[in-house]
Amino acid sequence: MSWQPNPLEEQRLDKLARLREIGIDPYPLRVERTHTTHEAIAAFEATTEGEPVKVIVCGRLLSVRDMGKTIFAHIGDESGRLQLFLRRDDIGDESHTTFKKLIDLGDFIQAGGEMFRTKLGEVSLHVREWRLLSKAISPLPVAKEQEVDGKIVRYSAFTDVEERYRQRYADLAANPEVRDIFRKRAHLVSALRRFMDDHDFLEVETPILQPLYGGAAAKPFTTYHNQLKQELFLRISFELYLKRLLVGGYERVYEIGRDFRNEGVSFKHNPEFTQLEFYAAYWDFHDVMDFTERMVAYAAEAVLGTTDVVFNGKMLQLGQPWLRITMRDAIKHFAEIDYMDYPDQASLAAAVRKIGGEAPPGAPWGKLIDGLLGDFVEPHLIQPTIIMNYPRDISPLAKAVPGDPLHVERFEFFIGGMEMGNAFTELNDPIDQRERFESLQEMFGKDDEERNPIDEDYLRAMRYGMPPNGGFGMGIDRLAMLLTDSRTLREVLLFPHLREREE
RNA sequence: GGCCCUGUAGCUCAACGGCAGAGCAGUUGACUCUUAAUCAAUUGGUUAGAGGUUCGAAUCCUCUCAGGGUCACCA
């Protein structure tokens, strides 16, 4: 349904008309701005008292305290907020009345004058002239704030989770700490990129629309190209394309981008999510472990200035050497079961059920083990922990542990009780790779969407020779959760997907 | 998808079978150093939607919609 103005909006539409009647363009083209609010305050404080500091600032009107012939107001811009001091004697009758009658909270205005300090000590702008820059028709949720013992207490803040996500623009406008989350996220991404670049990795972009999907076990989104008359998939990982580039001669490549998985949504799952993957020739998974520790510590330091991060009430020490433990030992410790005592699917399934774990019928041996990890181990992995040596049957792209046919050189790392990333010593034997793909075909049913089609082109690339390499993938959204102490993924996604609603 | 919880004014919330209310925002008025400004007056509602029970429903029941939590799912 199209927009029907509510009574408050009707009032503002009326003000809009009255502004035009008195010759004021409520949406002018040009703006004069000499300072941000932060710069204006800094300029004043850098000057000896008495020396005039003339500024023109712009921003959204956040609060108004009308004292009659004097008006105090605050405007906010991205740099901060600034109090305006408007007197009728300074700006004139007409301008004074216009401000009182036709200007609302949420409007953008421009104000010029000299900086000064009020009797109560707040650095403010003594306004000589002001101008409307953009009229707000819909009232923005306005919160009132009070400082109590140094802490900001907010009244009537905009907190409705659903509306905050559906109208993220209003959320951002009303809640400065939400703006801060996404500023941190941006810093995180640029820090990761800088770290990769500084270590001689080449940033590349590989197809999002792919004729085949692979590199992970996940259900894909499908789409269709009309002119090519071809079904296409949105990528579920970057892996197979990035490793083709190692065949081509690049030794270190990475990509930061979006993956799409047509699966359930939860506090740590979203249908599209941002991933960092890299592949480094001549590295094995031990090299990747070392690099991962340094990368995460670097990112935390860059974003927060520290590697000690508070998440969910617990202090995470990202800067310490991380605990490294094999999957078998971790499960022995937390689930008190040695899965090597149950070398086949049936006996392991029985053992898992006996200790109260999940053992879906038909789940492969390795998947049962991964289930044990998820149920019994993962929730305990609050401090950064590397779990290494994964079952071979659920890891088709990793090289076997020497002398151990059941495990591969693969690790996942966990922080704050969440899986953050996945890495391995990459399989580069094309014959072995084909066998792995083929056994996967048998393992997953024909109708199972997680069954990856065999990527013949990838095998062809590998037959030309692929250098030994270590690969890595990490969920950036989850890392952003950690660094912003957010309890759900949606808090770190600007526009999380919500079910469509009839308006 | 199962189970549990939630949906009331622009925002934040009360009322829990008996007249739909408060604070903020808005409107009108007073006030030339206020900052949750203050003071006085005042407007604003399809109680998410549809149906049912009842003399009477925001409140109880059923269904639908949306959101949250949790479980399932998720290398």
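Please read all numbers here as calculations on a predicted model, not as lab measurements. Lettering follows sequence order; numbering is per chain, from 1.
- Across all strands shown, A:S138 has no heavy atoms under 4.0 Å from either base or sugar-phosphate atoms.
- A gap of 11 Å separates the P atoms of B:rC60 and B:rC5, to the nearest Å.
- Between A:H380 and A:F334, the angle of the ring planes stays under 30°, which puts this pair in the parallel group of the 30/60° scheme.
- Here A:S395 does not reach the OP1 or OP2 of B:rA75: none of its side-chain N or O atoms lies under 4.0 Å away.
- The same atom, P, is picked in B:rU38 and in B:rU53; the two are 50 Å apart, to the nearest Å.
- With B:rC11, B:rG67, B:rA75 as the candidates, the nucleotide lying closest to the side chain of A:N422 is B:rA75.
- B:rU54 and B:rA40 have their P atoms separated by 48 Å, with the value rounded to a whole Å.
- Going from atom CD of A:E409 over to atom P of B:rA75 covers 22 Å, rounded to whole Å.
- Residue-environment remark: CD (A:E177) exceeds the threshold of 12 foreign heavy atoms within 6.0 Å.
- Separating the P atom of B:rU62 from that of B:rC74 is a span of 33 Å, rounded to the nearest Å.
- Between A:D107 atom CG and B:rA25 atom C1' the separation is 14 Å, expressed in whole Å.
- Spacing between B:rA66 and B:rC24 at atom C1', rounded to whole Å, works out to 26 Å.
- Comparing atom distances between the A:R490 side chain and each of B:rC74, B:rG67, B:rG26 picks out B:rG67 as nearest.
- Between the CG atom of A:L13 and the C1' atom of B:rG10 there is a distance of 14 Å, rounded to whole Å.
- Using a 4.0 Å heavy-atom criterion, one finds that A:P396 contacts the bases of the nucleic acid, with or without backbone contacts as well.
- Between A:P139 and A:V64, the residue whose closest nucleotide on RNA chain B is further toward the 5' end is A:P139.
- Regarding A:R261, its CZ atom lies at a distance of 8 Å from the C1' atom of B:rA75, rounded to whole Å.
- Atoms CD (A:Q167) and P (B:rG67) sit 14 Å apart, rounded to a whole Å.
- Between the C1' atom of B:rA75 and the CZ atom of A:F472 lies a distance of 15 Å, rounded to the nearest Å.
- Here B:rU27 is the nucleotide among B:rU12, B:rA75, B:rU27 with the atom lying nearest to any side-chain atom of A:K15.
- Each of A:N6 and A:I394 was matched to the nucleotide of RNA chain B holding its nearest heavy atom; the match closer to the 5' end belongs to A:N6.
- Contact annotation: A:R499 side-chain N/O to B:rG67 OP1/OP2 distance is under 4.0 Å.
- Rounded to whole Å, the C1' atom of B:rU42 lies 15 Å from the corresponding atom of B:rA22.
- Formation of a donor-acceptor pair under 3.5 Å by the A:Q210 side chain with backbone atoms of A:R235 is not found in this model.
- In the set B:rA75, B:rU12, B:rC74, B:rU12 carries the atom at the smallest distance from any side-chain atom of A:T159.
- Counting only heavy atoms from C-beta on, A:K219 has its side chain closest to B:rC73 among B:rA37, B:rG68, B:rC73.
- When rounded to the nearest whole Å, the span between CG of A:L105 and C1' of B:rA37 equals 14 Å.
- The distance from atom CZ of A:F285 to atom CZ of A:F424, rounded to the nearest 0.5 Å, is 11.5 Å.
- Checking B:rA25, B:rU12, B:rC11 against every side-chain atom of A:K144, the shortest atom distance belongs to B:rA25.
- Within the 4.0 angstrom heavy-atom criterion, no nucleotide atom of any strand lies near A:G106.
- Contact annotation for A:S237: no contact, since no heavy-atom pair falls under 4.0 Å across all strands.
- B:rA75 atom C1' lies 13 Å from atom CG of A:L368, rounded to whole Å.
- The side chain of A:P141 has B:rC11 as its nearest neighbour among B:rG68, B:rA66, B:rC11.
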Exercise. Give the B/S/- string for nucleotides 29-35 of chain B, one per nucleotide from 5' to 3', where a protein heavy atom under 4.0 Å of the base yields B, of only the sugar-phosphate yields S, and otherwise -.
Key: S-BBBBB
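- With hydrogens and angles disregarded, a donor-acceptor distance shorter than 3.5 Å links the side chain of A:D77 to the backbone of A:T37.
- One C1' atom belongs to B:rA57, the other to B:rU47, and the distance between them is 11 Å to the nearest Å.
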Self-check item: A:H407 vs A:D404, side chain to side chain donor-acceptor pair (under 3.5 Å): CA-CA, chis, key distance, verdict
Solution: CA-CA 6 Å; A:H407 292 93; A:D404 179 353; 2.8 Å; yes
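- Not one N or O on the side chain of A:R324 forms a donor-acceptor pair closer than 3.5 Å with the backbone of A:I386.
- Contact annotation for A:L498: backbone-only contact, meaning every heavy-atom pair under 4.0 Å involves sugar-phosphate atoms and none involves a base.
- A side-chain donor from one of A:N422 and A:R410 sits under 3.5 Å from a side-chain acceptor of the other.
- For the C1' atom pair drawn from B:rU35 and B:rU27, the interatomic distance equals 23 Å after rounding to whole Å.
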Quiz prompt | ring pair (Phe, Tyr, Trp, His ring centres under 6.0 Å) evaluation trace for A:Y254 with A:F278 | solution = CA-CA 4 Å; A:Y254 78 101; A:F278 72 73; 8.5 Å; no
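- RNA chain B contains the following stems of three or more consecutive Watson-Crick or G-U pairs, with both distances under 3.5 Å: B:1-7 with B:65-71, B:10-13 with B:21-24, B:26-30 with B:38-42, B:48-52 with B:60-64.
- Checked for salt-bridge contact, A:D432 and A:R436 meet the test: a charged N lies under 4.0 Å from a carboxylate O.
- Residues A:F411 and A:Y390 place their aromatic rings such that the two centres sit no closer than 6.0 Å.
- Under a 3.5 Å cut-off, the side chain of A:W365 and the backbone N or O of A:Y342 do form a donor-acceptor pair.
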